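Here's the structure we're looking at; comments come further down.
Below, each value reflects all heavy atoms present in this structure, side chains not excepted, and no hydrogens, waters or symmetry copies. FYI, the numbering just counts along the sequence from 1. It should be emphasised that the depicted structure is a prediction, and the values quoted were computed from it without experimental measurement.
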Amino acid sequence: MPDTHPTARRILRAILPPPQTPKHREDRLKALAGAFQTLALGAVGVGFLTPMITDYTALNPTHVLLSCLLSLIFEGISLTLLAYIPYDSGDDAVSPKGDNNG
């Protein structure tokens with residue numbers, strides 16, 4: 001069957017990203033997990049550490065509880081994303097001694 005739209009096919013191939021490999025998916029999941037971990041640290045810093053450093057009377061227990069809950073949610077999302085990364089137990093695994101020579 002002849003290709004009726006070779007120009008459109010070339011344009012789409014230039015615009016669309018290449019097919020994802022498992023390494024691409026792993027890198028993207030790790031990047032998203034890192035972003036959520038940063039958000040979790042930011043929630044703790046803004047809600048708990050900053051009021052504690054600046055003025056102890058500004059430390060509201062409800063505010064602290066909400067910031068810690070928010071950070072736990074973000075960290076849970078991060079760990080969930082990391083759980084989707086497949087880890088193989090192939091020959092390139094680290095030996096129990098800690099070196100990679102086997």
Side-chain angles (χ1 to χ4, degrees):
M1 182 173 220
D3 193 8
T4 56
H5 302 290
T7 306
R9 200 175 287 277
R10 274 185 279 155
I11 291 172
L12 281 176
R13 199 174 304 139
I15 293 173
L16 295 175
Q20 281 191 354
T21 63
K23 181 66 177 161
H24 290 139
R25 274 189 294 265
E26 178 182 335
D27 290 343
R28 288 186 177 123
L29 285 172
K30 284 181 180 178
L32 275 173
F36 277 107
Q37 286 179 341
T38 302
L39 286 172
L41 283 173
V44 168
V46 168
F48 180 65
L49 294 178
T50 303
M52 196 165 123
I53 291 170
T54 56
D55 187 14
Y56 188 73
T57 58
L59 199 61
N60 187 353
T62 307
H63 192 76
V64 170
L65 183 66
L66 286 176
S67 68
C68 289
L69 183 66
L70 186 65
S71 69
L72 283 175
I73 290 170
F74 284 145
E75 190 63 32
I77 292 171
S78 170
L79 292 175
T80 303
L81 288 172
L82 289 176
Y84 281 106
I85 298 175
Y87 292 103
D88 58 343
S89 58
D91 294 334
D92 57 343
V94 176
S95 70
K97 294 179 185 174
D99 58 351
N100 208 8
N101 298 331

Just grab all the salt bridge (Lys or Arg N to Asp or Glu O under 4.0 Å) pairs involving residues 28-53, residues at least two apart or on different chains.
Glu26-Lys30
Kindly write out the residues that satisfy side-chain hydrogen bond (donor to acceptor under 3.5 Å, both in side chains) with Thr54, not counting sequence neighbours, or none if the list is empty.
none
In Å and rounded to the nearest 0.5 Å, what is the CG to CD distance from Leu79 to Glu75?
5.0 Å
Sorted by first residue and then second, give each salt bridge (Lys or Arg N to Asp or Glu O under 4.0 Å) pair with at least one member in residues 12-21; sequence neighbours left out.
none
Test question: given the 4.5 Å side-chain rule for I, L, V, M, F, W and Y, name all other residues clustered with Ile15, or answer none.
Ile11
Interatomic distance, Thr80 atom OG1 to Tyr84 atom OH [nearest 0.5 angstrom]:
7.0 Å
Residues 38-52, side-chain donor-acceptor partners within the protein, below 3.5 Å, at least two apart:
from: Thr38; atom 1: OG1; to: Gly34; atom 2: O; distance (Å): 2.9
from: Thr50; atom 1: OG1; to: Gly45; atom 2: O; distance (Å): 2.7

In chain order, what residues pass the side-chain hydrogen bond (donor to acceptor under 3.5 Å, both in side chains) check against Ser67, with sequence neighbours excluded?
none
Calculate, to the nearest 0.5 Å, the distance between atoms CG and CD1 belonging to Asp27 and Ile85 respectively.
8.5 Å
Check side-chain contact (heavy atoms from CB on, under 4.5 Å) between Ile73 and all other residues, then give those that pass, not counting sequence neighbours.
Leu69, Ile77
For Asn60, side-chain contact (heavy atoms from CB on, under 4.5 Å) partners two or more places apart
Thr62, His63
Worked verdict on Val64 versus Cys68 for side-chain contact (heavy atoms from CB on, under 4.5 Å):
CA-CA 6 Å; Val64 170; Cys68 289; 4.2 Å; yes
